[in-house]
J.: 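First the structure, then my questions, so here it is.
On a predicted model such as this, the values are computed, not experimentally measured, just so you know. Worth knowing before you read on, the calculation uses all heavy atoms, side chains too, and leaves out hydrogens, waters and symmetry mates.
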Amino acid sequence: TVQTEHMKQAFCGRWRFGADRVSVVPSTVPSVIRGLGEQGIAAPSDPPTLACISGPGPYKNHAVLATMMAALSTDTPALRCLLTVRRDEVPDLAQSAENLGVLDRFEFAGRLSMPETISRLRHAVGAVLPSMLESFGIPYHEAMALGVPVIALDAPHAREALGDAGWFAPADDGVAWAEAVRSMLGDRDKAALRARARFEANNWTWDDIATAYVDLLRKAVARREVAS
C-alpha cells in the first residue's frame with residue numbers, strides 16, 4: 001500500500017510492480033486539526049504571515065522564499081514569513097534574504113509544539129510549501145483542513161493533494177512565487193473556502209483508513225485460501 005497515486009506510479013515504475021498489486025490508502029490529519037477546521041476559518045494574524053511548516057533539508061527548497069519575499073516587499077510591506085526551522089538550519093535562505101535586504105521579514109521560529117504550530121498555521125494568511133518531494137504531504141492537508149490557502153511547488157505530488165484549491169510555482173522562481181501569493185491574497189476569502197471544501201471532499205478519517213486496510217487483508221486471506 002502507498003498513500004497517493006503519485007507514489008503508486010513512482011513505486012511501480014521503480015520496482016516494476018504491476019499496478020494491480022499496489023493499493024492507495026491515504027493518510028489524514030490529527031483529529032485536533034480536523035476539529036478546529038470544523039469550527040470555521042480563523043481570521044489572519046496581524047501582521048499578515050505566510051507559514052512554511054517544514055523541517056530542514058535541501059529538498060524542502062526554502063531558499064526560493066527569499067526572492068519571493070523580496071518581490072513582495074514593495075506592494076505588501078507588512079507581510080511576514082514564518083518558518084519552523086532555525087536560521088542556522090537554512091543558511092542558503094538566510095544568506096539570500098540578507099543579501100536582498102529582507103532578512104527581517106522572516107521569523108525563524110525553530111521547531112514548535114504541536115499546539116503552537118497549529119495556532120500559527122491557522123492564523124496564517126496562507127501557507128507556502130516549496131518542497132520538491134513529499135509522500136502524502138501532511139502539511140498540504142493540515143492547511144486545507146484549517147481553511148488556509150496553499151502555494152506549493154508545481155509538481156505532481158502537490159497537484160494531487162491540492163487540486164484546484166492550490167496555487168503553484170516553479171522550484172527556483174521566487175518572482176513566480178510572489179505572483180502566486182498576490183493572486184491568492186487578492187482572492188483570500190474565497191481561497192480559504194476552497195481549501196476547506198477541498199479537504200472535506202477528499203478527507204479520510206482514521207476509521208476509513210482502518211477499514212480500508214482490514215478489507216485489503218481480508219481479500220489477501222481469501223486469495224491465499226483459494227490458491228491453497
Side-chain angles (χ1 to χ4, degrees), residues 1-34 37 51-65 83-85 111 114 117-118 121 126-173 176-177 180 194-224:
T1 61
V2 294
Q3 296 173 320
T4 67
E5 289 293 337
H6 175 251
M7 289 176 68
K8 177 176 178 175
Q9 294 172 14
F11 183 89
C12 291
R14 179 172 181 178
W15 301 107
R16 299 181 182 178
F17 269 60
D20 59 332
R21 297 182 61 192
V22 181
S23 297
V24 176
V25 181
S27 187
T28 191
V29 303
S31 57
V32 63
I33 293 179
R34 188 192 312 277
C52 181
I53 308 301
S54 168
Y59 73 96
K60 294 296 186 179
N61 194 35
H62 297 98
V64 73
L65 300 178
L83 297 104
T84 53
V85 292
R111 185 172 182 176
M114 177 61 78
T117 300
I118 295 171
L121 175 60
V128 284
L129 300 169
S131 176
M132 293 185 286
L133 180 66
E134 293 290 339
S135 51
F136 179 65
I138 285 288
Y140 306 132
H141 297 273
E142 290 176 335
M144 288 190 293
L146 295 171
V148 178
V150 179
I151 302 96
L153 181 84
D154 193 355
H157 66 268
R159 286 193 173 272
E160 181 177 347
L162 297 167
D164 60 3
W167 279 259
F168 304 94
D172 57 355
D173 190 342
W177 278 82
R194 283 199 302 272
R196 178 65 192 166
R198 170 78 178 179
F199 177 79
E200 287 294 330
N202 296 276
N203 171 55
W204 285 46
T205 67
W206 286 114
D207 285 345
D208 294 333
I209 293 166
T211 298
Y213 276 111
V214 170
D215 288 345
L216 286 171
L217 289 169
R218 285 174 174 164
K219 290 175 182 177
V221 170
R223 286 196 298 269
R224 176 168 291 187

J.: Using every non-hydrogen atom in the two residues, find where P58 and M132 come nearest and quote the distance to one decimal.
T.: O-CE, 3.8 Å
J.: Would you sort out whether T205 and I209 count as a side-chain contact (heavy atoms from CB on, under 4.5 Å), showing the intermediate values?
T.: CA-CA 6 Å; T205 67; I209 293 166; over 6 Å; no
J.: Taking atom CG of L129 and atom CD of E134, what is their separation to the nearest 0.5 Å?
T.: 7.5 Å
J.: How many angstroms lie between OG in S27 and CD1 in I138, if you round to the nearest 0.5 Å?
T.: 4.0 Å
J.: Taking the six-membered ring of F17 as reference, does the NZ or CZ atom of R21 fall below 6.0 Å from its centre and within a 45° cone about the axis?
T.: yes
J.: For the atom pair CG (D154) and CH2 (W177), what is the distance rounded to the nearest 0.5 Å?
T.: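 Taking CG in D154 and CH2 in W177, the distance rounds to 9.5 Å.
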J.: Per the salt bridge (Lys or Arg N to Asp or Glu O under 4.0 Å) rule, what does the pair list look like for residues 135-148, sequence neighbours excluded?
T.: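 As it turns out, there is no salt bridge (Lys or Arg N to Asp or Glu O under 4.0 Å) pair with a partner in residues 135-148 once direct neighbours are skipped.
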J.: Is a side-chain donor or acceptor of K8 paired with a backbone partner of S23 at a separation under 3.5 angstrom?
T.: no
J.: Just wondering, do S54 and H62 contact through their side chains at under 4.5 Å, heavy atoms?
T.: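 With C-beta onward as the side chain, the pair touches.
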J.: For V64 and P130, which heavy atoms make the closest approach, and how far apart are they?
T.: CG1-CB, 3.8 Å
J.: Please confirm whether the backbone N or O of R198 pairs with a side-chain atom of N202, one donor and one acceptor, at under 3.5 Å?
T.: yes
J.: S131 vs N61, test: side chain to side chain donor-acceptor pair (under 3.5 Å). Steps then yes/no.
T.: CA-CA 5 Å; S131 176; N61 194 35; over 6 Å; no
J.: For the pair N203 and R34, evaluate side-chain contact (heavy atoms from CB on, under 4.5 Å) and give the outcome as yes or no after the intermediate values.
T.: CA-CA 10 Å; N203 171 55; R34 188 192 312 277; 2.5 Å; yes
J.: For residues 161-173, which side-chain donor-acceptor pairs fall under 3.5 Å, sequence neighbours excluded?
T.:
unit_1	atom_1	unit_2	atom_2	d
W167	NE1	S183	OG	2.9
D173	OD1	V175	N	3.3
D173	OD1	A176	N	3.1

J.: Please report the shortest heavy-atom distance between V29 and W206, naming the atom on each side.
T.: O-NE1, 3.8 Å
J.: With side chains defined as the heavy atoms from C-beta onward, is the minimum distance between I33 and L146 less than 4.5 Å?
T.: yes
J.: Taking T84 for its side chain and I53 for its backbone only, find out whether a donor-acceptor pair lies under 3.5 Å.
T.: no
J.: Identify the heavy atoms of A143 and A127 that sit nearest to each other, and give their distance.
T.: CB-CB, 4.2 Å
J.: Is the shortest side-chain heavy-atom distance between L216 and V25 below 4.5 Å?
T.: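 Yes, close enough: below the 4.5 Å cut-off.
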J.: When rounded to the nearest 0.5 angstrom, what distance separates CG in L83 from CG in L65?
T.: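 One finds 6.0 Å between CG of L83 and CG of L65.
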J.: For residues I151 and A180, report the shortest heavy-atom separation together with the two atoms involved.
T.: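 What the structure gives for the nearest pair is CG2-CB, 3.7 Å.
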J.: Roughly how far apart are L121 CG and I118 CD1, rounded to 0.5 Å?
T.: 8.5 Å
J.: State which residues pass ring-ring contact (aromatic ring centres under 6.0 Å, His included) with H141; sequence neighbours excluded, sorted by chain then number.
T.: F136
J.: Please examine the side chains of P26 and Q3, heavy atoms only from C-beta on, and report whether any two atoms are closer than 4.5 Å.
T.: no
J.: When rounded to the nearest 0.5 angstrom, what distance separates CZ in R194 from CE in M144?
T.: 12.5 Å
J.: Looking only at atom types and distance, does a side-chain atom of E5 sit under 3.5 Å from a main-chain N or O of E160, one as donor and one as acceptor?
T.: no
